[in-house]
Amino acid sequence: MGLTLTEKILKAHTVDGTFEKGKEIGIRIDQTLTQDATGTMAYLEFEAIGIPRVKTERSVAYIDHNTLQSGFENADDHRFIGSIAKKHGIYFSRPGNGICHQVHLERFGIPGKTLIGSDSHTPTGGGIGMIAIGAGGLDVAVAMGGGTYYITYPNIVKVNLTGKLGSWCAAKDVILEVLRRMSVKGGVGKVIEYCGEGVKSLSVPERATITNMGAELGATTSIFPSDEITKQFLKAQKREDVWVELSADEDAVYDEVIDIDLSKIEPMAACPHMPDNVKTLSEIGEMKIDQVCIGSCTNSSLQDMMKVAHILKGKTVHPDVSLSIAPGSKQVLNMLAQNGALAVMIDAGARILESACGPCIGMGQSPNSKGISLRTFNRNFEGRSGTKDGQIYLVSPEVAASSAIAGVLTDPRSLGDMPEFKMPDEFIINDNMIELPCDEKDMDKVEILRGPNIKPFPKTEPLEESVECKCSLKVEDNITTDHIMPAGAKILPLRSNIPAISEHCFTVCDENFPKRAKEMGKSIIVGGANYGQGSSREHAALAPLYLGVKAVLVKSFARIHRANLINAGILPLQFENEADYDKISLGDELVIENLRDCVANGKQIVIENKTNGASIPCICELTDRTRDIILAGGLLSYTRENM
Ligand code: MIC
Ligand code: SF4
């Protein structure tokens with residue numbers, strides 16, 4: 001029986017466990033990446049583990065999220081990360097060099113290698129045939145130290161692409177179609193593998209747009225084969241030497257097959273406030289817009305930008321619309337500057353932003369009240385833009401640019417035939433914004449620059465014998481990490497300061513949560529299905545930890561967040577009977593007798609609700625390893641104990 005591409009790469013990297021669906025396997029990690037918003041914590045954790053130099057083939061620290069420096073905090077964090085990187089053997093991509101996923105694809109990604117990153121959109125690397133996975137900062141810290149990374153052995157889904165995209169229809173529309181079919185929960189526990197004739201018609205950046213937004217499916221990762229097109233891309237990046245050909249065997253067996261005829265794809269948009277709320281433009285109909293933002297790790301490649309420039313050429317942005325453009329990397333921006341496309345954008349009235357995440361993470365460009373904003377990004381969760389009632393639609397760069405001119409949602413097919421946008425034979429290569437680490441022998445000479453905003457990792461304790469506490473919060477289905485730990489320009493600078501950032505925990509849902517949880521001392525949070533979807537930010541586990549949350553009881557979890565809870569030593573529980581969700585209310589007194597014994601010996605955990613007398617049986621699926629992590633009080637204690 002033949003193998004899928006995912007199986008081939010996993011097989012070559014498995015160091016623990018066997019290939020059994022639903023069971024945990026441990027894989028060797030070749031490369032890691034961090035960004036600044038999760039990076040400070042990851043490096044504090046790396047320091048706490050106490051390994052002097054990274055043991056990966058390549059580890060890169062990027063600065064791209066917290067680039068709006070409205071106080072000392074972010075600038076201090078940048079210096080901290082830069083100094084840590086230099087000392088411990090990590091490449092450092094300076095602010096201005098671009099968005100981590102875009103730069104990693106251009107300069108570091110290698111087909112067939114494994115990559116984990118402390119950012120949920122790390123699967124962008126799947127566009128050049130990597131197994132690239134988003135993880136919590138602590139998992140990345142452990143992998144940098146040479147530790148094994150664990151995933152649940154996934155189901156593998158084949159997306160069979162046939163045909164070719166029509167004029168002005170985009171890779172973004174392809175992934176929106178997949179989201180429409182599978183939903184934001186549909187990818188949980190799965191790897192999405194793209195195959196078929198249609199693959200050949202997609203460039204590397206287009207493939208990366210698709211794998212990037214696989215994060216919104218909840219998938220472990222997504223991957224494309226590495227073929228002649230990948231080779232050409234790497235050659236244009238002067239990295240042809242790292243290319244290898246990779247694809248699934250003809251007779252590979254998949255758990256699920258989805259067929260997509262690219263020629264039938266039409267321009268679409270994900271409507272407020274979920275990436276799977278997808279409609280065709282004709283279904284949405286006439287809609288006046290207030291803002292357009294082009295950029296983000298999903299759609300900021302040279303190819304995207306050239307299409308945008310073509311549409312803007314000789315035109316003016318509609319008087320009622322604000323258009324911002326953030327090219328994904330210094331390389332992209334530089335090429336636009338040299339080929340004249342940047343001048344076209346400026347001429348049309350676009351507000352050019354630095355090459356960084358920017359508005360995607362609420363770092364500026366929040367829309368007006370109730371403003372309708374078209375964005376080429378990957379997430380439109382409520383409040384993420386910085387405007388609570390902002391109405392965010394996720395679209396392709398083609399739809400974004402044509403709408404910015406017209407002032408209304410516009411189908412770019414109305415522009416006539418699309419000219420061909422050829423990938424360059426050579427990109428402009430200048431890695432002068434990537435700092436190399438120092439030699440190992442000079443390590444001691446590097447001083448770590450620690451600003452006053454950087455506070456240590458919160459204290460964790462081994463799992464208690466029994467727990468008696470109250471329910472501090474009850475929330476609905478599809479709670480995102482943007483609900484749990486909001487981002488944006490005001491809160492992001494606190495990413496290195498858990499006590500301070502905890503004051504904002506869950507305030508989108510309930511302003512009084514931080515105060516109440518602290519007053520309760522210990523507590524349990526109750527939630528619905530797909531709890532913790534979205535970002536990989538471990539702050540969504542560390543802030544509850546700091547506020548005394550002992551367990552989270554929900555209908556189901558998103559993958560990365562569940563792992564982050566375990567890493568923080570918070571017990572992830574699921575209702576055995578979903579109807580029991582109704583048997584707990586805010587403030588109820590809850591007791592779990594013999595909790596430590598139950599976890600240690602795999603016995604049934606039952607929550608007794610003292611307030612209404614209900615007994616609530618819970619599922620607590622742990623492997624031997626995750627059980628020991630929970631007993632130890634989190635991954636940091638566990639790693640220290642086992643080193
Ligand atoms: C995001 O898109 O939500 C982020 C910001 O990139 C996050 C990481 C973070 O919260 O720092 C992610 O996707 O993991
Ligand atoms: Fe940055 Fe947005 Fe991509 Fe997250 S999704 S890495 S915030 S550009």
Side-chain angles (χ1 to χ4, degrees), residues 33-42 61-68 74 77 81 93 95 98-105 116-125 132-137 139-140 175 208-209 211-216 218 221 275 293-301 304 324 326-329 332 353-365 375-386 392 394 480-489 491-496 501 504 532-543 558-561 563-564:
L33 70 80
T34 56
Q35 37 92 335
D36 47 336
T38 54
T40 42
M41 227 6 102
Y62 293 90
I63 306 292
D64 55 0
H65 281 62
N66 291 349
T67 54
L68 199 70
N74 292 343
D77 286 358
I81 294 175
S93 172
I99 305 175
C100 55
H101 309 303
Q102 174 69 25
V103 178
H104 207 84
L105 200 67
I116 66 167
S118 61
D119 190 282
S120 60
H121 291 101
T122 304
T124 313
I133 306 178
D139 282 319
V140 177
I175 186 63
T209 294
T211 59
N212 169 285
M213 246 185 122
E216 275 53 66
T221 190
C293 299
I294 298 177
S296 94
C297 58
T298 317
N299 278 119
S300 59
S301 67
D304 285 335
S324 72
S329 67
V332 173
L353 305 180
E354 71 175 309
S355 294
C357 300
C360 178
I361 190 61
M363 277 280 170
Q365 303 293 323
R375 299 177 162 213
T376 64
F377 308 165
N378 47 39
R379 290 187 172 146
N380 57 350
F381 302 146
E382 204 171 353
R384 182 175 162 103
S385 67
I392 313 299
L394 306 175
T480 72
T481 48
D482 277 277
H483 292 108
I484 307 175
M485 200 59 263
I491 304 178
L492 274 169
L494 305 174
R495 281 290 180 92
S496 318
I501 206 169
H504 301 274
Q533 68 163 319
S535 149
S536 67
R537 60 190 73 152
E538 60 188 339
H539 302 76
L542 298 180
R559 178 186 69 88
I560 307 178
H561 185 62
N564 284 339

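Read the numbers this way: they start at 1 and go in the same order the structure lists the ligands and their atoms. When a residue number appears, it is its place in the shown sequence, counting from 1.
- The nearest pair of heavy atoms linking Leu492 to Ile361 is CD1-CG1, 3.6 Å.
- The two residues Ala356 and Thr67 come nearest to each other via the heavy atoms CB-OG1, 3.8 Å.
- Taking both residues in full, the closest heavy atoms of Asp119 and His101 are given as OD1-NE2, 2.9 Å, listed atom of the first, atom of the second, then distance.
- For His101, the closest heavy-atom approach to ligand 2 falls below 4.0 Å.
- For a heavy-atom separation below 4.0 Å, the residues in contact with ligand 1 are Gln35, Ala37, Thr38, His65, Asp119, Ser120, His121, Ile361, Arg379, Arg384, Arg495, Ser535, Ser536, Arg537.
- Under the 3.5 Å distance criterion, with hydrogens and angles disregarded, a donor-acceptor pair is assigned to the side chains of Asn299 and Asp304.
- No side-chain N or O of Ser535 forms a donor-acceptor pair with one of Arg384 less than 3.5 Å apart.
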side-chain contact (heavy atoms from CB on, under 4.5 Å) between Arg375 and Ser385, intermediate numbers included: CA-CA 10 Å; Arg375 299 177 162 213; Ser385 67; 3.8 Å; yes

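- In the model, Asn378 has a side-chain atom that pairs as donor or acceptor with a side-chain atom of Asn212 under 3.5 Å.
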Residues Cys360, Arg379; criterion side-chain contact (heavy atoms from CB on, under 4.5 Å); working and verdict: CA-CA 8 Å; Cys360 178; Arg379 290 187 172 146; 5.9 Å; no

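- Any protein N/O/S atom under 2.8 Å from atom 2 (Fe) of ligand 2 was counted, giving 1 altogether.
- Summarising the geometry of Ile116 relative to Thr122, their closest heavy-atom pair is C-CG2, 4.1 Å, with the distance given to 0.1 Å.
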Worked check of side-chain contact (heavy atoms from CB on, under 4.5 Å) between Leu394 and Met213: CA-CA 11 Å; Leu394 306 175; Met213 246 185 122; 4.1 Å; yes

